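Everything quoted here is computed from the prediction, not taken from an experiment.
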Amino acid sequence: METTPAVDPADTEGAQLTLYTSAFCEPCMQTRVVLAEAARLAPRIAVTELDVARNPESAERDGIRSTPTVIVASADGAEVFRAEGVPTLAQVLAAAARAL
């Protein structure tokens with residue numbers, strides 16, 4: 001059983017989570033569940049989802065090679081975490097805390 005690090009919801013403001021997805025991507029659906037749970041536990045986490053086919057410029061700029069890819073960035077845009085594939089809830093919460 002995975003343990004979840006304690007993250008004060010007030011401490012996650014400023015963390016930017018971007019999820020790159022593609023149509024018919026089963027791991028993308030699993031990643032949405034992980035990110036929804038992270039947002040439930042820390043309501044100030046904001047997740048932006050971008051389909052690579054509809055946002056090719058953003059995907060290219062961010063160096064997306066596969067989906068799902070989750071990027072966690074600080075308020076100033078500095079990338080602090082990247083997961084290609086389905087991240088764990090603990091990884092997402094810890095990355096959001098590091099983004100501060």
Applying side chain to side chain donor-acceptor pair (under 3.5 Å), can you list everything that pairs with [X], at least two apart in sequence or on another chain?
{"X": "Thr31", "result": "none"}
{"X": "Asp62", "result": "Tyr20"}
{"X": "Arg82", "result": "Glu79"}
{"X": "Ser22", "result": "Thr67"}

Supply the atom-to-atom distance Thr48 OG1 to Leu17 CG, rounded to the nearest 0.5 angstrom.
-> 8.5 Å
Inter- and intrachain pairs under disulfide bond (SG atoms under 2.5 Å apart), touching [range], at least two apart:
{"range": "residues 24-100", "result": "Cys25-Cys28"}
{"range": "residues 61-100", "result": "none"}
{"range": "residues 69-100", "result": "none"}

Arg40: salt bridge (Lys or Arg N to Asp or Glu O under 4.0 Å) partners, not counting sequence neighbours | Glu37
Apply salt bridge (Lys or Arg N to Asp or Glu O under 4.0 Å) to Arg54 and list each qualifying residue two or more places apart in sequence or on a separate chain.
-> none
Write down the atom of [X], the atom of [Y], and the distance for their closest heavy-atom approach.
{"X": "Ala53", "Y": "Asp51", "answer": "N-OD1, 2.7 Å"}
{"X": "Ala73", "Y": "Ala99", "answer": "O-CB, 3.7 Å"}
{"X": "Ala95", "Y": "Val72", "answer": "O-CG1, 3.7 Å"}

Mind checking what makes side-chain contact (heavy atoms from CB on, under 4.5 Å) contact with [X], not counting sequence neighbours?
{"X": "Glu26", "value": "Met29, Gln30"}
{"X": "Ala23", "value": "none"}
{"X": "Pro56", "value": "none"}

Indicate, with yes or no, if [Y] and [X] share a hydrophobic cluster defined by side-chain heavy-atom contacts under 4.5 Å among Ile, Leu, Val, Met, Phe, Trp and Tyr.
{"X": "Val34", "Y": "Val80", "result": "yes"}
{"X": "Leu35", "Y": "Phe81", "result": "yes"}
{"X": "Ile71", "Y": "Val92", "result": "no"}
{"X": "Leu50", "Y": "Val86", "result": "no"}

Any donor-acceptor pair under 3.5 Å linking the side chain of Gln16 with the backbone of Ser74?
-> yes
List the steps and the verdict of side chain to side chain donor-acceptor pair (under 3.5 Å) for Thr21 and Glu49.
-> CA-CA 7 Å; Thr21 62; Glu49 184 173 335; 3.3 Å; yes
Using a 4.5 Å cut-off on heavy atoms from C-beta on, say whether the side chain of Thr18 contacts that of Thr69.
-> no
